[in-house]
K.L.:
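Pasting a structure below so you can have a look.
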Amino acid sequence: MRLSILAKGLTMGLLGLTALTGAAYAQTTVKIYMGQLYAPDSDPRSKETMDAIIADYEKLHPDTKIEPVPWLGGDQSTYFAWLSTRYAAGDEPDIGWSHYYTRNAEADRWTALNEYLDGPNDYIPTGQPGHDKWNDEFFDNVKAQIRAPDGNWYQVNTNWVETGLFINNDLMKANGIDTNWASWTDFIKSCKDLKAKGIQPLGVFATPGWSTDQWLDTLLISAAFADQIPSWHLPAYENPFMKDRQLTPEEMAKATHDGKFSTTDPRFDTFLDLTKEVTDNCLVEGFAGITSLDQIMNLFFNDKVAMAWLGTWNAPTVRDTAKFSVTTTYFPPFTNENSKYLTQPTIYRVGGPSSSGQFGISSGAADRGTLDASVDFLKFLTAPAQAQRIAGYDEGNLPVIKGVEPAEVAKGFSAISQLPERGITDAVSRYNGEQYGTPHNRLLQSFMLGEISRDEMKTQYQALLDKAVADQCEANSWDWCNQ
């Protein structure tokens with residue numbers, strides 16, 4: 001009996017000590033899914049680094065256990081199906097990876113972080129951006145793009161993917177080609193000079209889905225309709241935090257329905273002029289039969305093309321494989337000489353925050369009592385000291401946290417990430433997926449290759465646009481469809 005009383009007293013004393021010491025997260029387990037940033041099977045460095053970061057955090061917070069879920073692999077559909085299952089069971093990760101646009105569309109699954117972002121991050125040294133206000137450590141253009149139209153941030157981004165031109169310096173110098181282009185016209189001239197010497201200028205590939213051929217298409221069409229695109233924005237999709245953004249499928253459909261995006265518009269001829277110019281002077285011969293980025297890289301590594309349009313994710317491979325000097329740059333701006341519908345020299349980036357570092361906190365964390373611990377670990381993870389450690393092995397992504405230096409292979413992409421967004425997106429995403437995207441690619445390539453005339457192309461393309469609008473209206477029954 002006496003022992004029982006003593007034991008009860010000892011237990012009460014320990015509980016009182018816990019209360020006095022203010023242990024904020026006693027016996028708390030925070031589950032995290034870091035995607036490819038924690039891939040033990042495929043990238044041992046990711047496991048080693050993330051395990052070390054977690055260990056450092058747990059030393060500071062011995063009552064908190066961070067439990068990482070290994071990367072599920074590259075098939076995102078498998079991951080999102082897994083995540084939905086976990087949500088249904090109520091045991092989704094407290095901190096999880098997701099694309100910002102998916103997260104914003106499923107805001108009920110995630111915690112709005114504004115309150116926390118407005119507060120301090122004590123893991124950042126005093127005097128550095130983010131210490132007094134956590135949100136200050138992130139790049140403004142990234143914050144603008146990932147912010148939901150309702151004004152909330154449901155995630156933070158530690159990095160960004162970008163694309164750029166990889167240049168074979170040795171080949172360029174040997175042929176006297178200057179790549180310090182001031183304008184698109186200068187770039188075209190370099191292409192002509194290379195072709196005159198029997199050198200294929202630019203490697204791109206073409207596939208039904210995303211491809212560098214279609215990326216180029218979006219740059220040209222955005223430049224041709226630059227003065228009109230902002231007026232096509234609809235209030236339902238307006239985001240006051242983004243100056244430049246891509247049109248949604250409904251916005252494209254309504255602009256087409258209203259005759260604002262039409263093959264009879266002289267801007268469409270400007271688009272075709274730019275397309276034909278770059279096809280005839282710059283694109284690698286047989287580009288329509290090249291179907292993968294790997295084929296372009298192979299041509300580049302074997303001196304078959306002087307330039308390749310690749311992404312940050314390719315940079316480590318280029319560094320480790322190329323036997324020549326390589327630099328990264330980007331297309332120079334279009335000017336009024338190229339498109340009279342531009343009010344100032346402009347070029348658009350093809351990149352963004354759909355990267356390895358997109359993290360938010362589950363809405364269920366509050367119910368489980370893990371919200372405060374999750375916020376605290378996310379602050380620790382995104383502080384420059386930890387973000388720099390991650391950037392050291394995640395070389396294929398561009399850090400977007402102030403005070404964090406990109407890997408050497410990614411440094412050439414920093415300036416590119418600050419360029420404005422394309423107004424018109426890849427064909428496969430403009431209206432209704434492949435129903436429009438595949439015929440678009442076929443018609444445009446037939447024109448590029450000289451298989452059909454300009455007039456034939458415009459006639460067939462207008463019919464395609466009309467069908468895309470009709471299909472979208474049938475599927476969505478928007479109010480304006482019958483006007």
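Remember, it's a predicted structure, so these values are computed and weren't measured experimentally. Hydrogens, waters and symmetry mates are skipped; everything else that's a heavy atom, side chains included, is used.
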K.L.:
Please check if any side-chain donor atom of Q472 sits under 3.5 Å from a side-chain acceptor atom of E250, or the reverse.
P.N.:
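The criterion, which ignores hydrogens and geometry beyond distance, is not satisfied for E250 and Q472.
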K.L.:
Assess the side chains of N135 and D118: does a donor N or O sit below 3.5 Å from an acceptor N or O?
P.N.:
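Not at all, the side chains of N135 and D118 share no donor-acceptor pair under 3.5 Å.
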K.L.:
Taking the six-membered ring of F241 as reference, does the NZ or CZ atom of R147 fall below 6.0 Å from its centre and within a 45° cone about the axis?
P.N.:
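The answer is yes, since R147 meets both limits relative to F241.
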K.L.:
Run the numbers on S354 and Q358 for side chain to side chain donor-acceptor pair (under 3.5 Å), then give the verdict.
P.N.:
CA-CA 7 Å; S354 301; Q358 304 179 84; 4.8 Å; no
K.L.:
Against the six-membered ring of Y330, is R349 placed for a cation-pi contact (under 6.0 Å from the centre, within 45° of the normal)?
P.N.:
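No.
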K.L.:
Under 3.5 Å, is there a donor-acceptor pair linking the side chains of R422 and S222?
P.N.:
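Absent: no donor and acceptor within the cut-off.
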K.L.:
Looking just at side-chain N and O atoms, do N298 and D294 make a donor-acceptor pair shorter than 3.5 Å?
P.N.:
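No pair is found: no donor N or O on one side chain lies under 3.5 Å from an acceptor on the other.
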K.L.:
When the ring planes of W232 and F225 are compared, do they come out parallel, tilted or perpendicular, using 30° and 60° as the limits?
P.N.:
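Rings of W232 and F225: tilted, 30 to 60°.
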K.L.:
Is it the case that N432 and Q435 place a side-chain donor and acceptor less than 3.5 Å from each other?
P.N.:
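N432 vs Q435: donor-acceptor pair found between side chains.
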K.L.:
How are the rings of W181 and F187 set relative to one another: parallel (under 30°), tilted (30 to 60°) or perpendicular (over 60°)?
P.N.:
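Because their plane-to-plane angle is over 60°, the rings of W181 and F187 count as perpendicular.
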K.L.:
Are any non-hydrogen side-chain atoms of I390 and L381 less than 4.5 angstrom apart?
P.N.:
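They are in side-chain contact.
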K.L.:
Can you say whether the rings of W309 and W215 are parallel (under 30°), tilted (30 to 60°) or perpendicular (over 60°)?
P.N.:
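Correct class here is perpendicular.
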K.L.:
Please list, chain by chain and in numerical order, all residues satisfying side-chain hydrogen bond (donor to acceptor under 3.5 Å, both in side chains) with T317, sequence neighbours excluded.
P.N.:
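Listed in chain order: nothing, the list is empty.
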K.L.:
Less than 4.5 Å apart, any side-chain heavy atom of M50 and any of Y393?
P.N.:
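M50 vs Y393: side chains touch.
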K.L.:
Charged N to carboxylate O under 4.0 angstrom, E106 versus R109?
P.N.:
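A salt bridge links E106 with R109.
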K.L.:
Provide the closest heavy-atom pair for A373 versus T28 in the form atom of the first, atom of the second, distance.
P.N.:
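Scanning both residues, the minimum pair turns out to be CB-CG2, 3.9 Å.
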K.L.:
What pairs of donor and acceptor atoms, side-chain ones from residues 412-420 against any protein atom, are under 3.5 angstrom apart with sequence neighbours left out?
P.N.:
{"unit_1": "S414", "atom_1": "OG", "unit_2": "K411", "atom_2": "O", "d": "3.4"}
{"unit_1": "S417", "atom_1": "OG", "unit_2": "S414", "atom_2": "O", "d": "2.6"}

K.L.:
Please evaluate residues D140 and K143 with respect to the criterion salt bridge (charged side-chain N to carboxylate O under 4.0 Å, His left out), reporting the C-alpha separation (whole Å), side-chain torsions for both, the decisive distance (0.1 Å), and the verdict.
P.N.:
CA-CA 5 Å; D140 288 342; K143 289 187 293 185; 3.3 Å; yes
K.L.:
Within the 3.5 Å criterion, strictly below it, is a donor on N159 or S356 matched to an acceptor on the partner's side chain?
P.N.:
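Checked: N159/S356 side chains pair up, N/O donor to acceptor below 3.5 Å.
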K.L.:
Could you tell me whether the side chains of S211 and D213 share a donor-acceptor contact shorter than 3.5 Å?
P.N.:
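No donor-acceptor contact under 3.5 Å links the two side chains.
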K.L.:
Does a side chain donor of either Q386 or T382 reach within less than 3.5 Å of an acceptor in the other side chain?
P.N.:
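Looking only at side-chain atoms, T382 and Q386 do not form any donor-acceptor pair under 3.5 Å.
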K.L.:
Cut-off 3.5 Å, side chains only: do E137 and H131 have a donor facing an acceptor?
P.N.:
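Result is no, nothing qualifies.
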K.L.:
Any side-chain donor-acceptor pair under 3.5 Å between D94 and S362?
P.N.:
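Short answer, no.
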K.L.:
So, D170 versus S325: side-chain donor-acceptor pair below 3.5 Å or not?
P.N.:
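Note: D170 and S325 side chains miss the donor-acceptor criterion.
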K.L.:
State whether a side-chain donor-acceptor pair under 3.5 Å links E405 with Q388.
P.N.:
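No donor-acceptor contact under 3.5 Å links the two side chains.
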K.L.:
For side-chain contact (heavy atoms from CB on, under 4.5 Å), just list the numbers for Q445 and T279, CA-CA rounded to whole Å, side-chain angles, deciding distance to a tenth of an Å, and then say yes or no.
P.N.:
CA-CA 10 Å; Q445 287 179 15; T279 302; over 6 Å; no
K.L.:
Salt bridge or not between R245 and E251? Use side-chain N to carboxylate O under 4.0 Å.
P.N.:
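So R245 pairs with E251 through a salt bridge.
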K.L.:
Should the pair K47-D43 be classified as a salt bridge under the 4.0 Å nitrogen-to-oxygen rule?
P.N.:
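Result for this pair is no, no salt bridge flagged.
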K.L.:
Quick one: closest heavy-atom pair of N397 and A410, and the distance?
P.N.:
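Scanning both residues completely, I find the closest heavy atoms to be O-CB, 4.4 Å.
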K.L.:
Looking only at side chains, do Q155 and W153 share a donor and an acceptor under 3.5 Å apart?
P.N.:
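Result is no, nothing qualifies.
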K.L.:
Tell me whether the rings of W97 and F80 are parallel (<30°), tilted (30 to 60°) or perpendicular (>60°).
P.N.:
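Tilted.
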K.L.:
Would you confirm whether the ring centroid of F359 sits within less than 6.0 angstrom of the ring centroid of Y100?
P.N.:
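No, they do not, as the ring centres are separated by 6.0 Å or more.
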K.L.:
With a 6.0 Å cut-off on the ring centroids, do Y237 and H233 count as close?
P.N.:
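No, too far apart.
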K.L.:
Assess, by modelled atom type and distance only, whether the side chains of R368 and T29 contain a donor and an acceptor separated by less than 3.5 Å.
P.N.:
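The answer is no; no qualifying pair exists.
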K.L.:
Taking only Lys NZ, Arg NE, NH1 and NH2, and the carboxylate oxygens of Asp or Glu, determine whether E395 and R319 approach each other closer than 4.0 Å.
P.N.:
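Judged by the 4.0 Å cut-off on N to carboxylate O distance, E395 and R319 do form a salt bridge.
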K.L.:
Does any part of the side chain of T312, heavy atoms only, come nearer than 4.5 Å to the side chain of W160, both counted from C-beta?
P.N.:
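No, too far: nothing below the 4.5 Å cut-off.
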K.L.:
Write down the atom of K402, the atom of F138, and the distance for their closest heavy-atom approach.
P.N.:
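That would be CE-O, 3.9 Å.
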K.L.:
Looking at every non-hydrogen atom in both residues, tell me the closest pair between P384 and I401 and how far apart they are.
P.N.:
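For P384 versus I401, the nearest heavy atoms are CG-CG2, 4.4 Å.
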K.L.:
Show me the donor-acceptor pairs, under 3.5 Å and distance only, between side chains in residues 30-41 and residues at least two apart or in other chains.
P.N.:
{"unit_1": "Y33", "atom_1": "OH", "unit_2": "L72", "atom_2": "N", "d": "3.0"}
{"unit_1": "Y38", "atom_1": "OH", "unit_2": "D51", "atom_2": "OD1", "d": "3.1"}

K.L.:
Could you measure the distance from the CG atom of N104 to the CG atom of D150? Nearest 0.5 Å is fine.
P.N.:
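The distance works out to 7.5 Å.
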K.L.:
What orientation do Y123 and F380 show, parallel under 30°, tilted 30 to 60°, or perpendicular over 60°?
P.N.:
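Because their plane-to-plane angle is over 60°, the rings of Y123 and F380 count as perpendicular.
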K.L.:
Tell me, with the steps shown, if R389 and D394 meet salt bridge (charged side-chain N to carboxylate O under 4.0 Å, His left out).
P.N.:
CA-CA 9 Å; R389 295 160 74 178; D394 187 35; over 6 Å; no
